[in-house]
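Reviewing the structure listed below.
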Amino acid sequence: MRTVVCVKPVPMELALEAATGRLDRSGGSLLTGVDESAVESALRVRDECGGEVVVLAMVPKAAAEALRPALAMGADRAVVVTGPALEGADLLVTSQVLAAAVRRLEVDLVVLGASSGDGAGALLWSALGERLGLPVLSRAVEVTVAGERLSATRQTETGVHAAETSLPAVLALSGEVCLPRYPSFRDVIAAKKKTVEVLTPESLGLAATELGTWGSRTRVLAAAPAGARGQAELVEDDGHAHERVVDFLVERRLL
Amino acid sequence: VSRRALVVVEPRAGRVPAGQLGVLSAAARVCDAVEVLLPVAEGDPVEELVGALGSHGAVAVRVVTELPATSAPRVAVVAALHAEEPYDLVAFESSSLSADVAGALAVRLDAGVCWDLSGLDDVDGELVGRRLALADSMSVDVGWVGGPAVALFRTAALDAVRRPDGDPPRVMPVQVPAEAGPDVVLLETPSGADAVPSGLDTADIVVAGGRGLGSRENIALLEELAAVLGGVVGVSMPVVDRGWYPYAHQVGQTGRTVRPRLYLACGISGAVQHRVGMSRSGTVIAINTDPQAPIFDVCDLGVVGDLTEVVPRITALLRERS
């Protein structure tokens, strides 16, 4: 049983590049809680069924070390696809690159976290499933793998229900569904020795014309600061703040 | 140029939700011919649904029956319709289901997909999507290259606009292609408290709570205040993750986007993921013990205090005054 967890380290500081309107990824990156939760879910599948957990990310090179915490948690190895040709990749390109990397690994289960902090995680898993020709079980809260079946409780805006599908499959989790295990000092040291394989899109057989802004089917046309709220009125609760709140509601004709 | 669009809707309780009619209205404003894909279940009032779609700009309604609430058959139907006669725009209101459909569809049609849109315009003959990014601090214009434009709109972002009476839409049944691709099987239909629509999308007033509630029991404080104000309870992701309240009430990036006249944020720190779900609210009042909480940067009135003390006092004072 081989599980791949697709993670997306996000910049510590969220800002858009003035020139391109794209996310500025020049600084350091972190794994989000949602991604840690996805790694934890994959580790639990391994605890139950045996096998291997591989962490996969498509990142600018600077962020490769951001996968180290996932290795410290217990993932067996990491694969990073990186290269300048990936800059400006949209959903189509990202899903193509990840699909190429996943195919190379021959996996039984692909796990993604709920939503990356900076974009459209919610579209990525279904795009990836389509590329791989695999069923997609999304918005999962509780996951069970037994034999060739993947079962889960799903949580959507229309309710909570059970769903299942056959492996191999793409599994997308709903939020921080489980508490990530806390690595010991020994785990952290061991993680330094684990393999982080660095691939380029070229090594996956992808042509430059399919990648980055070339391959993308969307464009950022303009970005500008949006109208902000005025300075807020702040009050300290001295036992009477509720009176100010009610007066404020009256002033704004909200009652 | 004649521009064709398909809007995919999902009726709930025999009605097309207002936000989805808003997406239809926006598509009709920038396209010459807008079709709607309408999945119906047994007992749905098809004629009424078609009427509502027609009065919001649909020229044709493609009716499909007995569709499970999964993405694969929808992707297959839309791809088949597109193969018959291509669309320039395929639009959805954002939901768990429509996001699954849109992501797969983009790959199947080799089409660009823009998400989280709150507006759509025609600029010099090109479609331009309007989107707020980075906790709504930035306004971003996005465009599509080649192929059909796949567009996902924020929930409740667009107003439904009734059009002057035109011809009623043509009604055309469609079949799901036999080989719809791998899919999941839904074992139980939603039930219990979770199956009840939260009413968040259309709420005028939202009383929301976060991690600062401290316990499941304290949600009653929000419910009491919401009852007095005539509002709906919203919660942030940590509250749902802890199992304290149904997901249907979650506000934020992985939940619903709301646009009420009043948003009261109690014990919510205001992480980016939450702010994108509420930043377009009219008036925002925040209550938090931490004076450094980012929610205080996006509110109109901020109270530094303990919600478990302040909220019951607001409720009591409002009751007293009414």
Side-chain angles (χ1 to χ4, degrees), chain A residues 14-16 21 90-92 95 114-115 117 120 122-127 129-131 133-139 155-165 174-177 216-226 228-229 232-237 241-243 245-246 248 252 254, chain B residues 71 95-96 99-100 102-104 106-108 111-115 128 132 134 136-147 182-191 194-195 237 241 247-248 253-254 256 261-262 272-273 283 285 296 298-305 310 313-314 317-318:
Chain A
L14 288 179
L16 299 187
D90 72 351
L91 178 85
L92 283 187
S95 61
S115 178
L123 295 166
L124 181 57
W125 58 67
S126 55
E130 174 74 19
R131 293 247 185 242
L134 297 181
V136 178
L137 204 167
S138 64
R139 316 277 169 177
Q155 177 176 264
T156 75
E157 52 279 82
T158 56
V160 173
H161 57 261
E164 67 168 30
T165 191
S174 172
E176 297 179 25
V177 294
S216 293
R217 291 280 177 275
T218 53
R219 292 277 182 275
V220 174
L221 304 172
R229 245 165 243 281
E233 173 188 341
L234 278 186
V235 293
E236 190 109 18
D237 181 34
H242 61 288
E243 292 164 10
V245 171
V246 172
F248 191 83
R252 296 238 172 169
L254 287 163
Chain B
S71 59
S95 71
S96 302
D100 282 359
V107 168
R108 181 101 37 118
V113 53
C114 292
W115 66 96
V128 173
L132 293 164
L134 300 186
D136 294 354
S137 63
M138 298 289 286
S139 164
V140 180
D141 291 351
V142 289
W144 293 263
V145 181
D183 201 8
V184 297
V185 179
L186 305 183
L187 299 176
E188 303 156 29
T189 48
S191 63
D194 275 315
M237 186 170 90
D241 284 350
Y247 172 69
Q253 189 166 36
T254 53
R256 313 300 289 173
R261 284 195 303 138
L262 170 65
V272 168
Q273 290 81 351
T283 296
I285 299 178
F296 288 131
V298 291
C299 71
D300 301 290
L301 175 67
V303 176
V304 181
V310 181
R313 295 204 311 257
I314 297 172
L317 184 56
L318 286 171

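Within the 4.5 angstrom heavy-atom criterion, atoms from both the backbone and the side chain of A:R131 approach chain B. Looking at B:L301, both its backbone and its side chain come within 4.5 Å of chain A, counting heavy atoms on both sides. Residue A:L254 touches chain B through both its backbone and its side chain, counting heavy-atom pairs closer than 4.5 Å. Both the backbone and the side chain of B:A102 come within contact range of chain A, judged by heavy atoms closer than 4.5 Å.
The candidate with the highest count of non-hydrogen atom pairs below 4.5 Å against chain B, out of A:S216, A:S174, A:A224, is A:A224. Most heavy-atom pairs under 4.5 Å with chain A: of the set B:A99, B:S71, B:G147, B:G305, this distinction falls to B:A99. Ranked by heavy-atom pairs under 4.5 Å with chain B, the first of A:V177, A:V245, A:L137, A:D90 is A:V245. Residue with the most contacts toward chain A among B:L317, B:L262, B:L318, B:D300: B:D300 (heavy-atom pairs, distance under 4.5 Å).
Residues meeting the side chain to side chain donor-acceptor pair (under 3.5 Å) test with A:T165, sequence neighbours left out: none. With sequence neighbours left out, the side-chain contact (heavy atoms from CB on, under 4.5 Å) criterion links B:D241 to A:E176, B:M237.
Heavy atoms only, all atoms of each residue included: A:T218 and B:C114 are closest at CG2-SG, 3.6 Å. The heavy-atom pair separating A:A232 from B:C299 by the smallest distance is CB-O, 3.0 Å. Minimum heavy-atom separation, B:V140 to A:V220: CG1-CG1, 3.7 Å. Closest approach of B:A104 to A:S126, counting heavy atoms only: N-OG, 3.5 Å. Between A:A241 and B:R313, the closest heavy-atom pair is N-NH2, 4.0 Å.
Taking 4.5 Å as the limit, some side-chain heavy atom of B:V107 sits within range of a side-chain heavy atom of A:L92. When side chains are defined from C-beta on, A:R252 does not count as touching B:I285, because their heavy atoms never get closer than 4.5 Å.
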inquiry  = A:V246 vs B:I314, test: side-chain contact (heavy atoms from CB on, under 4.5 Å). Steps then yes/no.
reply    = CA-CA 7 Å; A:V246 172; B:I314 297 172; 4.1 Å; yes
